[in-house]
Amino acid sequence: MSGKNGAIKLGQILCLTAIVAMWGAVGCSQNGGGNDNTGNANDNVGNVNDNSGGSNENTNDNSGGVVLDVVNSGIPIHAMARIEIGDDIIAYTDVAEDQSPNGVNYMVPSAGDTAGRGIPGGADFRPNSFAVAGKKIALTGPTGGDTDFQVSIYDTETDTLTAIPLTDVRLGTIPVGISDPGHIQADGNYIATINSPGDVTDGFMIKIIDVSGAVPVIISFSRNPGEATSTFSVPQVLVDAETMTVAAVNSQDDMFYVYDIENPDDAPVAFAGPGGGIGGGFQYKMDKGVILFSDDGGQNGMYLLDVSDPANEPVLLEPGEGYDSEVFGDYYGYLTTVGPSSAFSASAVGLIADATPIVADDTTILPDSTNWGYFGQGGSIAMGEWNGDVIWFVISPLQWSTTGGSGAGSWNVIYDSPAMEMPVLGSNVVTNPDG
């Protein structure tokens with residue numbers, strides 16, 4: 001997997017403007033250290049170099065040879081927008097003239113879109129519940145009546161919208177918050193759903209929508225997680241296209257149930273959670289068969305679980321308390337409130353094989369001031385890859401790193417002008433793990 005496109009969801013500070021960051025878009029060159037920063041989100045042509053943190057001296061190359069091209073799309077999105085990224089498409093919560101949510105729209109970053117392309121009936125779909133698989137967008141709705149829980153697939157290449165019959169796929173619940181667990185999940189060509197067993201014909205809760213072809217194909221798993229009979233017992237589902245696995249959480253018995261997409265009639269493999277149970281405060285992530293999740297013991301202890309071997313058990317990370325999990329290849333990342341004294345949370349990034357990640361400290365971006373925040377800290381974290389380099393992002397303010405750690409150079413701040421007048425601020429950062 002390689003992430004080539006990134007998107008940053010911004011709040012009112014930038015007039016609800018979406019910014020697209022494409023790394024490696026202009027080659028893999030790098031400039032020297034010092035206070036030189038040619039990053040320019042406003043002019044749409046700037047690069048962010050390997051020492052944009054404002055340090056007077058940086059003798060270490062922490063850029064990994066990466067150059068970022070940051071482009072301000074000028075597309076308004078809702079202040080509480082959800083963003084999902086696929087194969088050169090970005091789906092987002094649209095905004096009406098009165099600033100209220102206005103369904104779902106999408107853009108194509110490589111085309112330099114400065115306006116959404118539009119989805120048939122896009123304003124009628126739930127603005128907080130959608131996923132992107134390749135060139136296709138899974139939508140929830142239209143709102144009103146039973147279709148609130150219906151899933152439709154929009155093909156951006158053919159401009160066709162296919163509604164999945166409610167007897168085949170009928171969502172059990174629709175989370176309210178954009179970051180809440182339980183939303184439909186996508187990876188590769190697969191879209192994972194949690195269904196109301198009493199409303200679908202076969203009574204099966206966990207289903208995959210395969211959108212690799214022109215017509216969506218439903219794959220139903222014939223064993224419900226832990227024999228669950230209600231979706232209230234199954235708060236979230238995860239899908240990993242690379243290992244062809246789906247994992248569902250059963251909150252009643254605190255188990256992960258892992259399914260084989262190629263053998264949907266096989267019994268799922270059960271993995272017990274830690275002693276504190278499996279938490280559910282945020283959506284977990286899975287990549288290459290490794291899940292990063294939290295316990296339910298009140299401290300949100302963070303754990304890694306490799307589901308490739310039924311004998312494996314969860315591994316506790318240190319520091320343990322955290323949220324906003326990211327897993328990418330051989331790496332993981334999350335935000336932790338253990339250690340730092342700032343208002344935001346510190347990035348904790350590391351190798352899957354190492355249970356002690358690198359944690360950012362309280363080094364301020366502006367000397368002697370906290371106005372611009374701290375290196376490596378923020379309210380959201382994401383991961384991607386370019387030419388073999390894993391890149392971590394945090395926001396706010398928007399920063400990137402190939403190493404993790406603290407201070408200028410370890411974390412590189414993206415500014416809104418060459419004069420470094422203000423870092424790019426926002427509320428959420430999202431990358432595309434599928435390329």
Cut-off 3.5 Å, no hydrogens considered: what does the side-chain donor-acceptor table look like for residues 126-133, sequence neighbours left out?
{"unit_1": "Asn128", "atom_1": "ND2", "unit_2": "Pro175", "atom_2": "O", "d": "2.9"}
{"unit_1": "Asn128", "atom_1": "ND2", "unit_2": "Val176", "atom_2": "O", "d": "2.6"}
{"unit_1": "Ser129", "atom_1": "OG", "unit_2": "Thr140", "atom_2": "OG1", "d": "2.9"}

Exercise. Say you draw a straight line from CG of Asn195 to NZ of Lys207; how long is it, rounded to the nearest 0.5 Å?
Worked result: 5.5 Å
For this session: For Ile89 and Arg117, run side chain to side chain contact (heavy atoms under 4.5 Å, CB included): C-alpha distance rounded to whole Å, both residues' side-chain angles, the deciding distance at 0.1 Å, then the answer.
Result: CA-CA 10 Å; Ile89 65 170; Arg117 297 198 170 200; over 6 Å; no
Problem set entry | side chain to side chain contact (heavy atoms under 4.5 Å, CB included) evaluation trace for Ile261 with Phe221 | CA-CA 8 Å; Ile261 294 177; Phe221 297 96; 4.1 Å; yes
Exercise. Are the side chain of Asp113 and the backbone of Val108 linked by a donor-acceptor contact shorter than 3.5 Å?
Worked result: yes
Problem set entry | Smallest separation among heavy atoms of Asp324 and Leu335, with atom names | OD2-CD1, 4.0 Å
Problem set entry | Residue list, side chain to side chain donor-acceptor pair (under 3.5 Å) with Arg223, at least two apart or on another chain | none
For this session: Spell out, as yes or no, whether a donor-acceptor pair under 3.5 Å connects the side chain of Asp148 to the backbone of Gly144.
Result: yes
Problem set entry | Any donor-acceptor N/O pair, Gln399 side chain to Tyr374 backbone, under 3.5 Å | yes
Problem set entry | Side chain proximity check, Met383 to Val349, heavy atoms < 4.5 angstrom | no
Seminar exercise, completed: Here the side chain to side chain donor-acceptor pair (under 3.5 Å) pairs for residues 157-166, sequence neighbours left out, are Tyr154-Asp159, Asp155-Thr158, Thr158-Thr160
Exercise. Yes or no on side chain to side chain contact (heavy atoms under 4.5 Å, CB included) for Ile381 and Tyr334, after CA distance, side-chain angles and deciding distance?
Worked result: CA-CA 7 Å; Ile381 188 171; Tyr334 59 97; 5.5 Å; no
Exercise. Under the side chain to side chain contact (heavy atoms under 4.5 Å, CB included) test, which residues partner Gln252, sequence neighbours left out?
Worked result: Ser233, Asn250
Exercise. What's the shortest heavy-atom distance between Asn224 and Met205, and which atoms?
Worked result: OD1-N, 2.8 Å
Please tabulate, for side-chain N and O atoms in residues 304-314, each donor-acceptor pair with protein atoms closer than 3.5 Å (sequence neighbours left out).
{"unit_1": "Asp306", "atom_1": "OD1", "unit_2": "Ser308", "atom_2": "N", "d": "2.9"}
{"unit_1": "Asp306", "atom_1": "OD1", "unit_2": "Ser308", "atom_2": "OG", "d": "2.7"}
{"unit_1": "Asp306", "atom_1": "OD2", "unit_2": "Ser308", "atom_2": "OG", "d": "3.3"}
{"unit_1": "Asp309", "atom_1": "OD1", "unit_2": "Ala311", "atom_2": "N", "d": "2.9"}
{"unit_1": "Asn312", "atom_1": "ND2", "unit_2": "Asp306", "atom_2": "O", "d": "2.9"}

For this session: Keeping the roles fixed (side chain from Asp295, backbone from Gly301), state whether a donor-acceptor pair exists under 3.5 Å.
Result: yes
Exercise. So do the side chains of Val290 and Tyr332 get within less than 4.5 Å of each other, counting heavy atoms only?
Worked result: no
For this session: Assess the pair Tyr415 and Trp372: is the distance between their ring centroids shorter than 6.0 Å?
Result: yes
Exercise. Of all residues at least two apart in sequence or in a different chain, which pass the salt bridge (charged side-chain N to carboxylate O under 4.0 Å, His left out) check with Asp330?
Worked result: none
For this session: Please confirm whether the backbone N or O of Asp210 pairs with a side-chain atom of Asn189, one donor and one acceptor, at under 3.5 Å?
Result: no
Exercise. For the side chain of Lys135 and the backbone of Asp87, is there at least one donor-acceptor N/O pair under 3.5 Å apart?
Worked result: yes
Exercise. Hey, does Tyr259 have a side-chain heavy atom less than 4.5 Å from the side chain of Pro225?
Worked result: yes
Seminar exercise, completed: Shortest non-hydrogen pair, Gln99 vs Val95, comes out as CA-CG2, 3.5 Å
For this session: Would you sort out whether Ser345 and Tyr323 count as a side-chain hydrogen bond (donor to acceptor under 3.5 Å, both in side chains), showing the intermediate values?
Result: CA-CA 9 Å; Ser345 295; Tyr323 64 98; 3.1 Å; yes
Problem set entry | Candidate pair Ser347 and Trp411, rule side chain to side chain contact (heavy atoms under 4.5 Å, CB included), full reasoning | CA-CA 10 Å; Ser347 58; Trp411 284 94; 3.3 Å; yes
Problem set entry | The single option from Thr229, Thr231, Val234, Asp202 passing side chain to side chain contact (heavy atoms under 4.5 Å, CB included) against Pro197 | Thr231
Problem set entry | Ser401 side chain to Thr403 backbone, donor-acceptor under 3.5 Å | yes
Problem set entry | Point-to-point distance, once rounded to the nearest 0.5 Å, from CE of Met244 to CG of Asp187 | 11.0 Å
Exercise. In Å, rounded to the nearest 0.5 Å, how long is the span from CD of Gln377 to CG of Asp362?
Worked result: 5.0 Å
Problem set entry | Atom CZ of Phe271 with >12 non-hydrogen neighbours under 6.0 angstrom | yes
Exercise. Quick one: does Ser152's side chain have a donor or acceptor within less than 3.5 Å of a partner on Leu139's backbone?
Worked result: no
Problem set entry | Any side-chain heavy-atom pair of Tyr303 and Leu316 under 4.5 Å | yes
Problem set entry | Non-hydrogen side-chain atoms of Phe375 and Val413 separated by less than 4.5 Å | yes
Exercise. Are Val430 and Ile90 side-chain neighbours, meaning at least one heavy-atom pair lies under 4.5 Å?
Worked result: no
Exercise. Can you name the closest pair of heavy atoms from Pro357 and Glu318 and give their distance?
Worked result: CD-O, 3.1 Å
For this session: Give a yes or no on whether the backbone of Tyr284 and the side-chain of Gln236 come within a donor-acceptor separation of less than 3.5 Å.
Result: yes
Exercise. Are Gln185 and Leu238 side-chain neighbours, meaning at least one heavy-atom pair lies under 4.5 Å?
Worked result: no
Problem set entry | From Leu166 atom CG to Leu171 atom CG, the distance as rounded to the nearest 0.5 Å | 9.0 Å
Problem set entry | Non-hydrogen side-chain atoms of Ile194 and Thr173 separated by less than 4.5 Å | no
For this session: Using atom types as modelled and distance alone, determine if a side-chain donor or acceptor of Ser230 lies under 3.5 Å from a backbone N or O of Phe232.
Result: yes
Problem set entry | OG1-CD1 distance between Thr431 and Ile83, expressed to the nearest 0.5 angstrom | 11.5 Å
Exercise. If you take all heavy atoms of Asp94 and Pro76, which pair is closest and at what distance?
Worked result: OD1-O, 4.2 Å
Problem set entry | From Phe125 atom CZ to Thr147 atom OG1, the distance as rounded to the nearest 0.5 Å | 9.0 Å
For this session: Would you name the heavy atoms of Ile395 and Leu398 that are closest together and state the gap between them?
Result: CG1-N, 3.7 Å
